[in-house]
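Single-structure report; data block below.
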Protein chains: 2
Amino acid sequence: MARTRGSKAEITGPLIREAALRLFARHGYAAVSMRQIAREVGVQAGALYAYTPDKQALLFDLMETHMQRLLASWQDDTASPPLVRLERFVRFHIADSLDHSDSVFLSYMELRNLSEVNHRKISKLRRDYESKLESILRDGQQDEVIGVDDIRLSAMALIGMLTAVTNWYRAGGRLDQQRVGDIYWGLAKGAVGA
Amino acid sequence: MARTRGSKAEITGPLIREAALRLFARHGYAAVSMRQIAREVGVQAGALYAYTPDKQALLFDLMETHMQRLLASWQDDTASPPLVRLERFVRFHIADSLDHSDSVFLSYMELRNLSEVNHRKISKLRRDYESKLESILRDGQQDEVIGVDDIRLSAMALIGMLTAVTNWYRAGGRLDQQRVGDIYWGLAKGAVGA
DNA sequence: GTCTATATAGCGATAGAC
DNA sequence: GTCTATCGCTATATAGAC
C-alpha cells in the first residue's frame, strides 16, 4: 500500500480485481467508491481507468469470470451412476462455494446492479450451471434411483441449500469441510428420495 | 405522486417505509438516495427527517419490523407430532417468504450495512427464528421419527433451501404456492430421513 | 502507467419560513 | 408537517503532464 508513482502494470490489474471483489462483497457495489479500491491497491483513482472502462464493467468482469471458472471446474462423468455423480456435485458445489465465497456472494447479490444486457449474460451462465444438476437428477429419475416431483424445482432447492453454506460456515469452526460435505450429502440424498 | 405542499402525516409515514423497502430491496441500500425515496412518496427530501432520524435508522427499522412480525407469525404447536410441526413450518416459511419477499431479501442482504449494534440485534432475532426449527428437529430426533447428523446444520440447510424459493418463484408461473409447498415438503421430509 | 487537477453531479442532513 | 435553500462533502469520470 501507500505506493505512489511508478509503473507496475503486470501486477496492478490483478490487484484491482482482488481489491474490488473483496470490497464489493463486503460492503456492496454501490457502497464502494473507485477511490476506495484505488487506495487499497496503492494508486490514485484515475489510474483504475487504464484497466476498466468504468465501474460497471469491473463488476461485470468479476461476475463473468467467476461463473466461467465455476462452469469450467465442474467435470461431470456421465458414465458413472447418477447417485455417484450427485454426490460429487454436492461436494464440489460446497467446496467451490467455500473456496470462492466472495465471488458467490457477489454473483448472487449484485445481479440487480448490472445493466440489462450484462444481467442477461450472467443469468444465462447461471442457468447453464443449474442445468448440470438437472441432468443428473433427470438421469437418476430415469434409472429409478432418484424420485423427485419436479426436476427443475428440486435442482433450485438443492443449489439453494448448498450455497447457503457460505452464510454460516467459518473455517476453523466446529466442523471441517469434509464433515460438512458428509452431512449435506446425507441431506441431499434423502431429499431426492435415494 | 407529484404531490407538493400539504400535511398528510397519517399516511406519509407508512408510505415512506413502503417506498424505502421496495427501493432498498430492488437497488440496494447504498444505491438508493433519500431524494429518490422522497420523490416516490411525493414529498421533498427534507420531509423524511420528520419520520426517521437518518437513513440508517430507516433501514434498521424495516429489518427489525420484518423479523419481529415473522417471529410473531410463527405459532408452533408443541403438542403435535414433530413431523406435523415440521410440515407446518415448511409451508409457513415458504408462504411467508413469498408474501414478504422484499423484506426477506433486504434482511439477508443489507446486514452488512447495519451499524455494529444494529447488526447484533437483527442477528439475535434471526437466531431466535432458527431455533424454532431446531427445536422441532430435536424433538423429532428424540421420538426417532427424524434422523439427521447435525441439528444446527440441518436447520440452516433447510432454511436456506426454503428461503431460496424467492429466487425463482414468480406468481402466476408454472406452479402455484400450494404445489410448491407440496414439492418442498417432499424434499424436506426426505432430507431429515422421515 | 500513473499522477494531479478538475468538471459535473449527487449525496445526507439541517435551518428557517410557512 | 412540509417546503425551499443550502452547507459540506463525496462521487464517477476525464484531461493533460510526466
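Within every chain, numbering begins at 1; the chains are lettered A, B, ... in the order of the sequence lines, protein sequences first and strands thereafter.
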Give the rounded distance in Å between these two atoms: CD1 of A:Ile37 and C1' of D:dA13. 13 Å
Could you tell me if the side chain of A:Glu110 sits less than 4.5 Å from the side chain of A:Phe24, heavy atoms only? no
A:Ser101 side chain to A:Ser97 backbone, donor-acceptor under 3.5 Å: no
Checking B:Arg112 side chain against A:Ala25 main chain: does a donor-acceptor pair fall under 3.5 Å? yes
Is B:Thr12 near enough to D:dG1 that one of its side-chain N or O atoms lies under 4.0 angstrom from OP1 or OP2? no
Do you know which of B:Lys121, B:Arg126, B:Lys124 makes side-chain contact (heavy atoms from CB on, under 4.5 Å) with B:Met67? B:Arg126
B/S/- contact track for nucleotides 10-15 of chain C, protein heavy atom under 4.0 Å: -BBBB-
Rounded to whole angstrom units, what separation is found between the CD atom of A:Gln44 and the P atom of C:dT6? 15 Å
Kindly indicate whether the side chain of A:His100, heavy atoms from C-beta on, has any atom under 4.5 Å from the side chain of A:Arg69. yes
